[in-house]
2 protein chains.
Amino acid sequence: MKGREFKDAMYDGLSKLLKALSNPFRLEIIEMLSQGEKSVEGIVQTTNLNFANASQHLQVLKNNNIVKSRKEKQYVYYSLVNNEFLSLYQQITKYAIHEIAELEKIMNRQREDNKALNAVNLDELETMIGNEDVLLLDVRPAIEFEFGHITGAISVPMNELMTQLKGIPLDKEIIAYCRGPFCVLADEAVKLLNEKGYHVRRLDEGYPEWKVKQLEINQ
Amino acid sequence: MKGREFKDAMYDGLSKLLKALSNPFRLEIIEMLSQGEKSVEGIVQTTNLNFANASQHLQVLKNNNIVKSRKEKQYVYYSLVNNEFLSLYQQITKYAIHEIAELEKIMNRQREDNKALNAVNLDELETMIGNEDVLLLDVRPAIEFEFGHITGAISVPMNELMTQLKGIPLDKEIIAYCRGPFCVLADEAVKLLNEKGYHVRRLDEGYPEWKVKQLEINQ
DNA sequence: CTATTATTCAATAGATTTATTGAATATATT
DNA sequence: AATATATTCAATAAATCTATTGAATAATAG
């Protein structure tokens with residue numbers, strides 16, 4: 001293989017990976033799968049995609065080694081191929097949030113609207129964990145909490161927050177978190193709890209980011 | 001802005017960045033610009049693109065805040081927008097090389113063909129720098145060496161290697177490097193020098209990777 | 001002022017990507 | 001066996017991306 005052919009082959013392969021990532025729906029699917037495996041139906045429920053379309057996007061991700069699948073009964077469960085990919089995805093989103101001015105602006109407006117501007121970051125969270133006066137609140141759906149959650153968190157899914165208010169102490173500092181920086185569940189939780197008089201902030205990232213950070217610490 | 005609109009806006013913005021990156025020629029342009037600024041003609045010379053096409057790809061990169069340009073006389077000089085982007089690009093390529101089996105295979109074959117399999121990595125290089133018996137050889141074009149090079153390296157552009165052989169000592173361990181992991185200049189240098197009896201290996205990455213590593217160390 | 005060089009613009013055809021639709025397949029339930 | 005459910009497949013039209021071509025612009029040199 002001549003030098004030119006080699007370069008072409010490498011850039012071709014790299015661009016195929018990036019092409020597979022360069023679609024907003026597929027990015028959203030990746031975020032969903034970074035919470036744990038999901039059936040196609042699970043994907044359909046939390047995105048605006050129909051079955052055939054979701055399946056098609058999942059094929060693209062699978063053909064590019066971004067997700068893998070296993071079949072159980074009539075269901076096909078998809079999940080991210082490994083933590084290395086998850087880490088790469090997070091590095092890309094982190095860059096986008098901090099270096100693309102337009103995205104930074106949109107994000108600030110979203111957080112402002114939901115009184116979630118003074119978010120806690122993962123480093124700050126670390127110093128707070130174990131503190132008796134801090135309550136870590138996971139507002140994702142229960143199934144995602146079961147697949148994995150930040151140590152010490154309690155699960156109160158966003159759609160049950162109103163009915164479970166009595167279980168949440170008014171005198172603690174509450175940190176709400178969800179799927180990641182693009183997830184709005186924690187924003188909604190902050191807004192709602194704030195109006196009820198709670199002292200609450202959101203984590204600026206989510207469970208998958210915490211998980212990757214733990215992996216890096218323990219390696 | 002409703003939660004759904006927010007998510008859509010963020011994933012849209014992120015996918016636009018990735019779309020701008022998902023073209024093999026644009027990736028090659030990025031690698032060229034990570035050596036320092038270049039005029040459109042400079043890009044045309046080292047890629048297989050014609051002027052209009054190169055200019056078009058450069059516009060795409062510019063519109064997505066990946067490169068910036070300045071005009072001097074009749075020339076337009078393009079460069080990467082900042083080191084944060086350079087670092088992201090390198091993280092993506094690093095993932096591709098190590099986690100995409102097909103690319104890893106192609107790369108190993110390329111290195112095997114050019115006797116460059118036992119490459120030195122940046123950590124190993126660090127322990128060798130300053131050693132009197134090690135000669136660090138930059139085989140990129142002279143202009144790229146001038147824009148920046150690894151401390152202590154000497155410049156012998158690949159196309160002058162044959163004529164400058166007498167200046168290269170036979171008794172030293174030689175480490176050749178060039179633009180990065182996809183660059184074949186160092187492979188060719190290893191092959192040529194090897195056949196002439198030199199003790200030579202290549203750096204598995206290139207000058208831009210060394211530069212980003214220095215930035216991280218000094219921050 | 002004219003010619004030359006570097007770059008961009010504009011138009012277009014071909015290739016690729018995507019959403020939609022309806023049918024096909026596979027597994028479980030009755 | 002018949003039905004229901006979950007998923008994939010196949011075909012297609014619309015949208016987008018890309019390379020090519022030739023013209024337009026801008027700066028310099030003669």
Side-chain angles (χ1 to χ4, degrees), chain A residues 4 7-8 11-30 32-33 36-79 143, chain B residues 4 7-8 11-30 32-33 36-79 143:
Chain A
R4 183 74 246 172
K7 283 173 77 166
D8 286 348
Y11 286 123
D12 256 41
L14 183 47
S15 73
K16 277 192 185 114
L17 169 71
L18 290 162
K19 196 162 284 182
L21 293 178
S22 69
N23 175 285
F25 297 112
R26 289 201 288 272
L27 291 172
E28 193 177 356
I29 290 174
I30 289 168
M32 293 310 301
L33 296 184
E37 68 172 16
K38 296 219 182 269
S39 66
V40 181
E41 184 171 30
I43 298 291
V44 167
Q45 281 170 359
T46 44
T47 61
N48 278 340
L49 299 167
N50 62 37
F51 260 90
N53 205 178
S55 178
Q56 212 168 305
H57 282 303
L58 284 162
Q59 301 303 314
V60 174
L61 292 172
K62 193 177 174 184
N63 291 336
N64 285 279
N65 252 287
I66 294 166
V67 308
K68 58 183 193 279
S69 67
R70 70 180 180 89
K71 189 157 193 177
E72 186 183 318
K73 300 187 176 176
Q74 34 330 26
Y75 306 95
V76 178
Y77 293 97
Y78 284 89
S79 54
I143 179 77
Chain B
R4 183 73 247 171
K7 283 172 77 165
D8 286 348
Y11 286 123
D12 255 40
L14 183 47
S15 73
K16 277 193 186 113
L17 169 72
L18 290 161
K19 196 162 284 182
L21 293 177
S22 69
N23 174 287
F25 296 113
R26 289 200 288 272
L27 292 171
E28 192 177 357
I29 290 175
I30 289 168
M32 292 311 300
L33 295 185
E37 68 172 16
K38 294 217 183 272
S39 66
V40 181
E41 184 171 29
I43 298 291
V44 167
Q45 281 170 0
T46 43
T47 60
N48 278 339
L49 299 167
N50 62 38
F51 260 90
N53 205 177
S55 178
Q56 212 169 306
H57 281 304
L58 284 162
Q59 301 303 313
V60 174
L61 293 173
K62 194 177 174 183
N63 292 336
N64 285 280
N65 252 288
I66 293 166
V67 308
K68 57 183 192 285
S69 67
R70 68 179 182 90
K71 190 156 191 176
E72 187 183 317
K73 299 189 177 175
Q74 3 29 343
Y75 307 95
V76 179
Y77 293 97
Y78 285 90
S79 54
I143 179 77

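These numbers come from a predicted model, not from an experiment. By convention in this document, chain letters (A, B, ...) are assigned in the order of the sequence lines, proteins followed by strands, and residues within each chain are numbered from 1.
- No contact: B:Tyr77 has no heavy atom under 4.0 Å from any strand.
- Rounded to the nearest 0.5 angstrom, B:Ile30 CD1 and B:Leu21 CG are separated by 5.0 Å.
- Note that CG of A:Asp8 is 6.5 Å distant from CZ of B:Phe25, once rounded to the nearest 0.5 Å.
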Close N or O pairs between protein and nucleotides 17-20 of chain D (under 3.5 Å):
{"from": "D:dT18", "atom 1": "OP1", "to": "B:Asn23", "atom 2": "ND2", "distance (Å)": "3.1"}
{"from": "D:dT18", "atom 1": "OP2", "to": "B:Arg26", "atom 2": "NH1", "distance (Å)": "3.2"}
{"from": "D:dT18", "atom 1": "OP2", "to": "B:Arg26", "atom 2": "NH2", "distance (Å)": "3.3"}
{"from": "D:dA19", "atom 1": "OP2", "to": "B:Asn53", "atom 2": "ND2", "distance (Å)": "3.3"}
{"from": "D:dA19", "atom 1": "OP2", "to": "B:His57", "atom 2": "NE2", "distance (Å)": "2.7"}
{"from": "D:dA19", "atom 1": "N7", "to": "B:Gln56", "atom 2": "NE2", "distance (Å)": "3.4"}
{"from": "D:dT20", "atom 1": "O4", "to": "B:Gln56", "atom 2": "OE1", "distance (Å)": "3.1"}

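- Taking both residues in full, the closest heavy atoms of B:Thr47 and B:Ile43 are given as OG1-O, 2.8 Å, listed atom of the first, atom of the second, then distance.
- Residue A:Phe51 is in base contact, counting any heavy-atom pair closer than 4.0 Å across all strands shown.
- The CZ-P distance, from A:Arg70 to D:dA6, rounds to 16 Å in whole Å.
- Under the rule for a side chain to side chain contact (heavy atoms under 4.5 Å, CB included), the partners of A:Glu41 that lie at least two apart in sequence or sit in another chain are A:Ser39, A:Gln45, A:Phe51.
- Each end of the helix from C:dC1-D:dG30 to C:dT30-D:dA1 gets its own rotation axis from five pairs of C1' atoms, and the angle between them is 10° to the nearest 10 degrees.
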Review point. How far apart are the C-alpha atoms of A:Leu27 and B:Leu18, what are their side-chain angles, what is the distance that settles it, and do they pass the side-chain contact (heavy atoms from CB on, under 4.5 Å) test?
Key: CA-CA 10 Å; A:Leu27 291 172; B:Leu18 290 161; 3.9 Å; yes

Practice item. Give the intermediate values and the outcome of side-chain contact (heavy atoms from CB on, under 4.5 Å) for residues A:Val44 and A:Asn53. Key: CA-CA 9 Å; A:Val44 167; A:Asn53 205 178; over 6 Å; no

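- In terms of the side-chain hydrogen bond (donor to acceptor under 3.5 Å, both in side chains) criterion, residue partners of B:Gln59 (sequence neighbours excluded) are, by chain and number, B:Tyr78.
- In this structure A:Asn65 satisfies the side-chain hydrogen bond (donor to acceptor under 3.5 Å, both in side chains) test with no other residue, sequence neighbours excluded.
- Taking both residues in full, the closest heavy atoms of A:Ile29 and A:Leu49 are given as CD1-CD1, 4.0 Å, listed atom of the first, atom of the second, then distance.
- A search for side-chain hydrogen bond (donor to acceptor under 3.5 Å, both in side chains) contacts involving B:Thr46 returns nothing, not counting sequence neighbours.
- Sequence neighbours left out, the pairs with a member in residues 19-30 of chain B that pass salt bridge (charged side-chain N to carboxylate O under 4.0 Å, His left out) are A:Arg4-B:Glu28, A:Lys7-B:Glu28.
- The heavy-atom pair separating A:Pro24 from B:Ser15 by the smallest distance is CD-OG, 3.4 Å.
- Protein chain A contacts DNA chain C over a range whose 5' and 3' limits, counting nucleotides with an atom under 4.0 angstrom from a non-hydrogen atom, are C:dT17 to C:dA28.
- Remark: B:Ser39, B:Val40, B:Glu41 in residues 36-46 of chain B come within less than 4.0 Å of DNA chain C through at least one heavy atom.
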**Study point:** Where protein sits on nucleotides 24-30 of chain D, one letter per nucleotide: B base, S sugar-phosphate only, - none, heavy atoms under 4.0 Å
**Key:** --SSS--

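- Applying the side chain to side chain contact (heavy atoms under 4.5 Å, CB included) criterion to A:Ala20, with sequence neighbours excluded, gives A:Val60, A:Asn64, A:Ile66.
- With sequence neighbours left out, the side chain to side chain contact (heavy atoms under 4.5 Å, CB included) criterion links B:Gln74 to no other residue.
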